[in-house]
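The next block holds one structure in the form of structure tokens; read it before the comments.
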Amino acid sequence: MKRLRKILFPFSLIYGCIAAIRNFMFDFGWKKQTEFDLPVICVGNLSVGGTGKTPQIEYLIRLLSQDFKTVTLSRGYKRKTAGFYLADASTKMEDIGDEPFQYFSKFKNIHVAVDAKRVNGVSQILKELPNTEVILLDDAFQHRFIKAGFYILLTKYDELYCNDLVLPAGNLREFKSGAKRADVVIVTKCPADLSLDEQNKIRKKLNLKANQEVYFTTIGYHKEITNTTEVFELNNVDDDSFIAIAGIAKPEYFYKHLKVEKNKILTFPDHHHFSENDIDLILKKADGGKIITTEKDFMRLQGKLPNEQLFYLPIETQFLNNAESFNKKIKKYVGKSSRNSIVYSK
């Protein structure tokens, strides 16, 4: 692996320099950025996938949607529609993509939109939903044509961006200096017992600016598996009575939590659209038993597999500490910037 990285390193320099030139043009106004007069929060990363953007967006939805009219805007990766699309009662997963459809299915008090061109997406949201008070941009850290008011950068505990290289030698989309655009950096998927001493060591490694804050989160797995009609305690599910399948980036945490043996696993590419052959393979391997998957995969599999067999394991972002500080910072930004003039100043 080290030898391969050395071979690819010159290509990484080229890729990184192209990204740096692009960022330079935005930073100095040679490329236009559009800013809107309402709170826009961007959640993204420097690396390619697997940092936990979906549960972080859901955390923000729970935090904000009771007080503010909230809209999420995603690219809609691998959807079968084009341009701007605002989800409604007739929307199917294929129309907006698995992650936006997950938000749409779970949270009935928000609106969900997709558009690869985020500036156009926000403009259309304000046109069709003029009372919108905050927009959450999903995976838009490198989408610099829009200037968000608040940037949240995610980096995975065991793959910190400061230890990584730019594509193709590593997994970064741009040089690690891009982290300077973040207001907050969240180290995700940490061990639940990560010590304060270890947290401080990571802070030093990240070497952020004085005005940037670092938080640490873990993935909280629910104790039950569920589908549209049933719920089972995971501890009561016999180890030999289920298989685990995943089509997400970095599924290792999911498999580890289930304590599933390798011969009971089927792994597919991230955002995979399951074919008839895939479904046949899954049913054959399950042999009548339960099929446990991620919530994101469940969005793509429901209706294709028997409901009595298909279940998912819900997850949530959990802060190891300082959750109140993070919540206050977000609400203060949204409150001060919101057109309804609610201010969280305490």
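Any value given below was found using the heavy atoms of this structure, including those in side chains, with hydrogens, waters and symmetry copies removed.
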Quick one: do the [X] and [Y] side chains pair a donor with an acceptor below 3.5 Å?
X    : Y    : answer
D270 : Y77  : no
H273 : D278 : no
S90  : D88  : yes
Q212 : D183 : no
Y215 : S325 : yes
N171 : S47  : no
D95  : T81  : no

Salt-bridge criterion met for [X] and [Y] (N-O under 4.0 Å):
X    : Y    : value
K329 : E213 : yes
K296 : E99  : yes
K201 : D197 : yes
D297 : K304 : no

Connected via hydrophobic side-chain network under 4.5 Å: [X] and [Y]:
X    : Y    : result
V134 : F141 : no
F150 : V185 : no
L167 : L46  : yes
Y161 : I186 : no
I292 : M299 : no

If you draw a 6.0 Å radius around [atom1] in [X], do more than 12 non-hydrogen atoms from other residues or ligands fall strictly inside?
X    : atom1 : answer
K78  : NZ    : yes
E316 : CD    : yes
K209 : NZ    : yes
E308 : CD    : yes
E276 : CD    : no
R75  : CZ    : no

Full working for side-chain contact (heavy atoms from CB on, under 4.5 Å) between C17 and I14: CA-CA 5 Å; C17 286; I14 295 171; 5.9 Å; no
Look at the rings of F145 and F26 and say which category their plane angle falls in: under 30° parallel, 30 to 60° tilted, over 60° perpendicular.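 Ring orientation, 0 to 90° scale: perpendicular.
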Evaluation steps, side-chain hydrogen bond (donor to acceptor under 3.5 Å, both in side chains), between N307 and Q302: CA-CA 7 Å; N307 188 66; Q302 58 182 328; over 6 Å; no
Quick check for you: to the nearest 0.5 Å, what is the distance between [X] atom [atom1] and [Y] atom [atom2]?
X    : Y    : atom1 : atom2 : answer
L136 : Q56  : CG    : CD    : 10.0 Å
I202 : N207 : CD1   : CG    : 14.0 Å
T294 : I248 : OG1   : CD1   : 5.0 Å
L73  : D138 : CG    : CG    : 8.5 Å
S195 : L320 : OG    : CG    : 10.5 Å
I243 : K290 : CD1   : NZ    : 12.5 Å

May I have the step-by-step check of side-chain contact (heavy atoms from CB on, under 4.5 Å) for K331 and D67, ending in yes or no? CA-CA 9 Å; K331 285 191 171 184; D67 296 322; 3.7 Å; yes
Give the intermediate values and the outcome of salt bridge (Lys or Arg N to Asp or Glu O under 4.0 Å) for residues R173 and D139. CA-CA 12 Å; R173 298 169 174 175; D139 195 15; 3.1 Å; yes
Step-by-step ring pair (Phe, Tyr, Trp, His ring centres under 6.0 Å) determination, Y59 to F319: CA-CA 10 Å; Y59 183 96; F319 281 75; 5.1 Å; yes
Which salt bridge (Lys or Arg N to Asp or Glu O under 4.0 Å) pairs, counting each pair once, include a residue from residues 105-121, with sequence neighbours left out? E58-K106, K106-E295
Can T91 and Y85 be said to form a side-chain hydrogen bond (donor to acceptor under 3.5 Å, both in side chains), step by step? CA-CA 10 Å; T91 298; Y85 189 108; 3.3 Å; yes
What are the two closest non-hydrogen atoms of [X] and [Y], and how far apart are they?
X    : Y    : result
L153 : A182 : CB-CB, 3.7 Å
S65  : T70  : CA-OG1, 3.5 Å
P55  : I219 : CG-CD1, 4.2 Å
A246 : P251 : CB-CB, 3.8 Å
L13  : F175 : O-CZ, 4.1 Å
N45  : Q142 : O-NE2, 3.0 Å

Short question: side chain of K127, backbone of V122 - any donor-acceptor pair under 3.5 Å?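 Flag not set: sc K127 to bb V122 has no pair under 3.5 Å.
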Is it the case that K189 places NZ or CZ above or below the six-membered ring of F216, under 6.0 angstrom from the centre and within 45 degrees of the axis?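 No - K189 does not lie over the ring of F216 by the 6.0 Å and 45° rule.
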Is there a side-chain contact (heavy atoms from CB on, under 4.5 Å) between T217 and Q318 once you walk through the steps? CA-CA 5 Å; T217 65; Q318 295 177 351; over 6 Å; no
ring-ring contact (aromatic ring centres under 6.0 Å, His included) pairs, two or more places apart, involving residues 237-261: Y221-H257
So S74 and Y103, do their side chains get closer than 4.5 Å, heavy atoms only? yes
Under a 4.5 Å cut-off applied to non-hydrogen side-chain atoms, are Q124 and L129 in contact?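 No - every pair of side-chain heavy atoms lies 4.5 Å or more apart.
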Got a sec, which residues hit side chain to side chain donor-acceptor pair (under 3.5 Å) with Q309, two or more places apart in sequence or on another chain? none
Can you check side-chain contact (heavy atoms from CB on, under 4.5 Å) on I245 and I265, steps first, answer last? CA-CA 6 Å; I245 64 173; I265 288 173; over 6 Å; no
Can K156 and D158 be said to form a salt bridge (Lys or Arg N to Asp or Glu O under 4.0 Å), step by step? CA-CA 6 Å; K156 197 153 70 78; D158 55 2; 2.8 Å; yes
Start with the C-alpha gap between F28 and F24, add the side-chain angles, then the distance that decides, and say whether ring pair (Phe, Tyr, Trp, His ring centres under 6.0 Å) holds. CA-CA 6 Å; F28 285 86; F24 181 85; 4.4 Å; yes
Verdict with supporting geometry, F274 and H272, ring pair (Phe, Tyr, Trp, His ring centres under 6.0 Å): CA-CA 6 Å; F274 294 92; H272 182 66; 5.1 Å; yes
